[in-house]
Amino acid sequence: MSAATLRQMTEDDLPAVMRIERSTFPFDAWSEGMLRGELADQPRTRHYIVAVAGEEIVGYAGLAAAGDQADVQTIAVSAPMQRVGVGSAMLKELLAEAVRRGATAVFLEVRADNPPAQAMYERFGFERIGLRRDYYDDGTDAVMMMRKLNSGVESANG
Ligand SMILES: CC(C)(COP(=O)(O)OP(=O)(O)OC[C@H]1O[C@@H](n2cnc3c(N)ncnc32)[C@H](O)[C@@H]1OP(=O)(O)O)[C@@H](O)C(=O)NCCC(=O)NCCS
């Protein structure tokens with residue numbers, strides 16, 4: 001993927017990250033404080049990355065890991081840069097980090113009305129394991145997905 005390079009997220013990135021957060025999740029954006037809280041736990045239990053194209057942050061993603069389980073906390077790509085592989089590159093990196101941290105399974109929740117994201121997760125081998133009804137503030141269900149990991153980083157490739 002040559003459209004963007006990946007690096008660890010820092011607090012300095014939060015203004016740019018929040019712009020993407022508010023535009024990609026207009027109804028349930030995280031607050032800057034929530035993201036700050038996530039970064040406060042990095043690297044202990046969190047791994048947050050940004051995707052950079054030229055000078056610009058065009059996407060971000062975060063993983064939470066504890067014991068042998070990990071969760072995809074968030075992932076988003078700015079609208080003009082969607083569908084060119086940035087999301088896949090970031091998800092691949094989160095899965096690789098989960099393997100590095102010894103996780104054997106990665107979980108996530110995705111809105112039932114978000115087929116593009118579900119399609120990406122399915123391409124990466126995530127399977128539906130359940131439904132949380134009325135999970136989001138507007139009453140939308142959450143689809144719970146899980147992918148098992150093997151020990152090799154190669155196995156985390158999409
Ligand atoms: C979901 C998201 C992160 C995907 O990022 P992306 O960079 O656009 O994804 P990629 O270009 O790597 O695409 C990977 C695969 O996802 C699926 N996909 C992505 N966008 C899609 C769309 N609009 N429609 C259908 N499938 C889509 C496809 O299977 C795609 O592979 P393909 O392009 O070879 O067909 C991005 O669309 C986004 O930021 N959406 C808004 C925020 C969001 O919904 N985040 C997920 C919350 S759980």
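Residue numbers run from 1 in the order of the sequence given. Keep in mind that the numbers below use all heavy atoms, side chains included, and drop hydrogens, waters and symmetry copies.
Counting non-hydrogen atoms of neighbouring residues, nucleotides and ligands closer than 6.0 angstrom, the CG atom of Asp138 exceeds 12 such neighbours.
Glu11 has a carboxylate O that lies under 4.0 Å from a charged side-chain N of Arg36, or vice versa, which qualifies the two as a salt bridge. Salt-bridge annotation for Asp71 and Arg46: absent, with no side-chain N of the basic residue lying under 4.0 Å from a carboxylate O of the acidic one. Ionic pairing of Asp141 and Arg111 is not present here: no N-O contact between side-chain nitrogen and carboxylate oxygen is shorter than 4.0 angstrom. One finds a salt bridge joining Glu122 and Arg128 here, because a Lys/Arg side-chain nitrogen approaches an Asp/Glu carboxylate oxygen to under 4.0 Å.
Considering every non-hydrogen atom in both Arg101 and Ala65, the closest pair reads CD-CB, 3.8 Å. Taking all atoms of both residues into account, the shortest heavy-atom contact from Thr24 to Gln82 is CG2-NE2, 4.1 Å. For Leu94 against Gly62, the heavy-atom pair with the smallest separation is CD1-O, 3.6 Å. Considering every non-hydrogen atom in both Met146 and Ala105, the closest pair reads SD-CB, 4.1 Å. Looking at every heavy atom in both residues, Ala3 comes nearest to Met81 through O-CE, 3.9 Å. The shortest non-hydrogen separation linking Ala103 to Leu149 is O-CD1, 3.7 Å.
To the nearest 0.5 Å, atoms CD (Gln8) and CG (Asp13) are separated by 10.0 Å. Atom CD of Glu97 sits about 9.0 Å away from atom CD1 of Ile49, to the nearest 0.5 Å. Atom-to-atom distance recorded for Met144:CE and Glu127:CD is 14.0 Å, nearest 0.5 angstrom. Here the straight-line distance linking atom NZ of Lys92 with atom CG of Leu6 works out to 10.0 Å at 0.5 Å rounding. In this structure, CZ in Arg19 is found 11.0 Å from OG in Ser78, a value given to the nearest 0.5 Å. Between the CG atom in Leu63 and the CD atom in Gln73 there is a gap of 7.5 Å [rounded to 0.5 Å].
In this structure, Phe27 shares a hydrophobic cluster with no other residue, the cluster being traced through Ile, Leu, Val, Met, Phe, Trp and Tyr side chains under 4.5 angstrom apart. Applying the under-4.5 Å side-chain rule to Ile, Leu, Val, Met, Phe, Trp and Tyr, the cluster around Ile57 extends to Met9, Leu14, Val17, Met18, Ile20, Phe25, Trp30, Met34, Leu35, Leu39, Tyr48, Val50, Val52, Tyr60.
Taking the side chain as every heavy atom from C-beta outward, Val143 and Gln118 approach each other to under 4.5 Å. For the pair Ile75 and Met120, the minimum side-chain heavy-atom distance is below 4.5 Å. The shortest distance between side-chain heavy atoms of Pro116 and Asn114 falls below 4.5 Å.
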* Could you walk me through whether Thr104 and Asp68 pass the side-chain contact (heavy atoms from CB on, under 4.5 Å) test, one step at a time? => CA-CA 5 Å; Thr104 56; Asp68 60 359; 3.8 Å; yes

* Should Val77 and Met90 be marked as a side-chain contact (heavy atoms from CB on, under 4.5 Å) after you check the CA-CA gap, both sets of side-chain angles, and the distance that decides it? -> CA-CA 10 Å; Val77 176; Met90 294 193 298; 3.8 Å; yes

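Here the rule is side chain to side chain donor-acceptor pair (under 3.5 Å) with His47, and of Glu38, Gln42, Glu93 only Glu93 fits it.
In the hydrophobic clustering of ILVMFWY residues, with side-chain heavy atoms under 4.5 Å counting as a link, Leu91 and Val84 come out together. The hydrophobic clustering, which links ILVMFWY residues whose side-chain heavy atoms are closer than 4.5 Å, places Leu131 and Ile129 apart.
Not a single donor-acceptor pair under 3.5 Å links the side chain of Thr140 to the backbone N or O of Tyr136.
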